[in-house]
Amino acid sequence: MPHTPAAAAAAAAYTLLSRGNWGADESLRYAADGTEIWPPEYYPVQTLTVHHTADGSTNPDPAAVVRAIYRNDTVGKGYGDIGYNFLIDSNGRVYEGRWSGTDGTAAHDAEGRLVTGAHVQGYNSGNVGIALLGTLTVTPPSTAARTALVQLLADLAQRHALNPTGKVLYRNPVSGASRTSPVIGGHRHWAATDCPGTVYADMPAIREEVAALIQG
């Protein structure tokens, strides 16, 4: 799919914190013998999936929460890295998630392909995982978080020539598994889960706002 540099995406008005900015301990990605536990793989973006972390944290420092999620995914779950491609805090700041190398933009390689995360079992490759921090089962995201979500989704949809209000026949480039889903959906579109909480019912409005933002 065509790839537009991030600087050319009109919707990219959000603040992005790199892994270095939020304090990722890169040593966690390596085994004792120095080998990378989860080497990155890259595939063209097909779809964008929204989550809430539902991590139960009461820590007022969102960067610390991201570090805790990273440690849990890396060490606790044994992934070797954080499973999400991006995370968003209640102040509307976007955090770079899964490590994607040093030759591209966050979550991408130099060719604009997505690094595979771990956020929707069986449907990760080519599927961008974006997680709103917190438990949103009852409460909606903050205005700042929702605004950043729309901006990030618009940036990604524009960069990868995706129709934000459309559907896609997703095909896993590794396993061949396929599924029809919205171009912009929630975890619940892929699995029996409450995730992303209240955001799920808001998805139609979010898609329309993303489309409007791209159109200017």
Side-chain angles (χ1 to χ4, degrees), residues 1-4 6 9 19 29 35-54 69-70 72-74 76-88 94-101 103-132 149 152-197 199-200 203-204 206-207 210-211 214:
M1 294 180 182
H3 174 66
T4 303
R19 290 172 65 96
R29 296 191 292 108
T35 59
E36 192 169 8
I37 298 169
W38 186 14
E41 295 181 349
Y42 306 92
Y43 299 96
V45 171
Q46 300 180 53
T47 187
L48 315 172
T49 300
V50 180
H51 302 257
H52 68 150
T53 59
I69 294 171
Y70 169 54
N72 182 57
D73 282 1
T74 305
K77 296 180 180 178
Y79 292 166
D81 199 354
I82 194 166
Y84 302 116
N85 297 109
F86 297 95
L87 303 94
I88 301 174
V94 179
Y95 297 73
E96 177 184 14
R98 170 90 164 102
W99 189 83
S100 61
D103 59 348
T105 57
H108 300 80
D109 68 3
E111 297 178 25
R113 299 176 302 174
L114 175 73
V115 64
T116 298
H119 58 98
V120 176
Q121 186 173 8
Y123 305 102
N124 284 302
S125 298
N127 187 345
V128 181
I130 302 168
L132 294 159
L149 174 63
L152 176 59
L153 289 168
D155 179 20
L156 292 166
Q158 184 176 4
R159 291 168 66 181
H160 297 288
L162 302 176
N163 176 5
T165 60
K167 291 189 176 183
V168 61
L169 176 59
Y170 169 89
R171 294 187 185 279
N172 189 314
V174 178
S175 69
S178 63
R179 186 186 185 102
T180 299
S181 71
V183 168
I184 296 176
H187 190 181
R188 188 172 165 185
H189 286 104
W190 298 90
T193 174
D194 288 336
C195 181
V199 183
Y200 181 79
M203 294 304 300
I206 287 173
R207 294 185 195 106
V210 169
I214 293 173

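The structure displayed is predicted, hence computed values, not measured ones.
Between atom CG of residue Asn124 and atom OH of residue Tyr43 there is a gap of 11.5 Å, rounded to the nearest 0.5 Å. Considering CZ of Arg29 and OG1 of Thr35, their distance stands at 12.0 Å, rounded to 0.5 Å. Rounding to the nearest 0.5 angstrom, the gap separating the OG1 atom in Thr74 from the CH2 atom in Trp99 is 13.5 Å. With rounding to the nearest 0.5 angstrom, the OG1 atom of Thr116 is 9.5 Å from the OH atom of Tyr42. Atom OG1 in Thr49 sits 10.0 Å away from atom CG in Leu153 (nearest 0.5 Å). For the atom pair CG (Leu48) and CG (Leu162), the distance works out to 5.5 Å, reported to the nearest 0.5 Å.
Residues Trp38 and Ile82 share a closest heavy-atom pair of CZ3-O, 3.8 Å. Across all their heavy atoms, Ile214 and Ala157 have their closest contact at CD1-CB, 3.8 Å. Across Gly186 and Pro196, no two heavy atoms sit closer than the pair CA-CD, 3.9 Å. Among all heavy-atom pairs drawn from His187 and Val120, the shortest one is CD2-CG2, 4.0 Å. Closest approach of Cys195 to Thr193, counting heavy atoms only: N-OG1, 3.1 Å. Pairing each heavy atom of Ile184 with each of Pro164, the nearest pair is CD1-CB, 3.6 Å.
Dense packing is recorded around CZ of Arg179, with more than 12 heavy atoms of other residues, nucleotides or ligands lying under 6.0 Å away. In this structure, Asp194 places its CG atom where only 12 or fewer heavy-atom neighbours from other residues, nucleotides or ligands lie under 6.0 Å away.
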Step by step, work out the side chain to side chain contact (heavy atoms under 4.5 Å, CB included) result for Met203 and Val50.
CA-CA 9 Å; Met203 294 304 300; Val50 180; 4.2 Å; yes
Using the rule given for side chain to side chain contact (heavy atoms under 4.5 Å, CB included), can you reason through Tyr200 versus His52, listing the C-alpha separation, both sets of side-chain angles and the distance that settles it, and then say yes or no?
CA-CA 10 Å; Tyr200 181 79; His52 68 150; over 6 Å; no
Go through it in stages, so that I can follow the logic: the residues are His108 and Ser100, the test is side chain to side chain contact (heavy atoms under 4.5 Å, CB included), and I'd like the CA-CA distance, side-chain angles, deciding distance and then a yes or no.
CA-CA 6 Å; His108 300 80; Ser100 61; 5.7 Å; no
Walk me through it: do His119 and Asn127 pass the test side chain to side chain contact (heavy atoms under 4.5 Å, CB included)?
CA-CA 9 Å; His119 58 98; Asn127 187 345; 3.5 Å; yes
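Side-chain atoms of Asn85 come within 3.5 Å of backbone N or O of Val115 as a donor-acceptor pair. Judged by distance alone, with hydrogens and angles left aside, the side-chain atoms of Asp109 form a donor-acceptor pair with the main-chain N or O of Arg113 at under 3.5 Å. Judged purely by atom type and a 3.5 angstrom limit, Asp73 has no side-chain atom pairing as donor or acceptor with the backbone of Tyr79. Here the side chain of Gln46 pairs no donor or acceptor atom with the backbone of Val168 at under 3.5 angstrom. Thr47 places a side-chain N or O within donor-acceptor distance of the main-chain N or O of Val183, the cut-off being under 3.5 Å.
At a threshold of 4.5 Å between non-hydrogen side-chain atoms, the residues Ile130 and Leu156 count as touching. In this structure the side chain of Arg159 reaches within 4.5 angstrom of the side chain of Thr105, judged on heavy atoms.
For Asp81, the side chain to side chain donor-acceptor pair (under 3.5 Å) test picks out Arg19, Arg98, with sequence neighbours left out.
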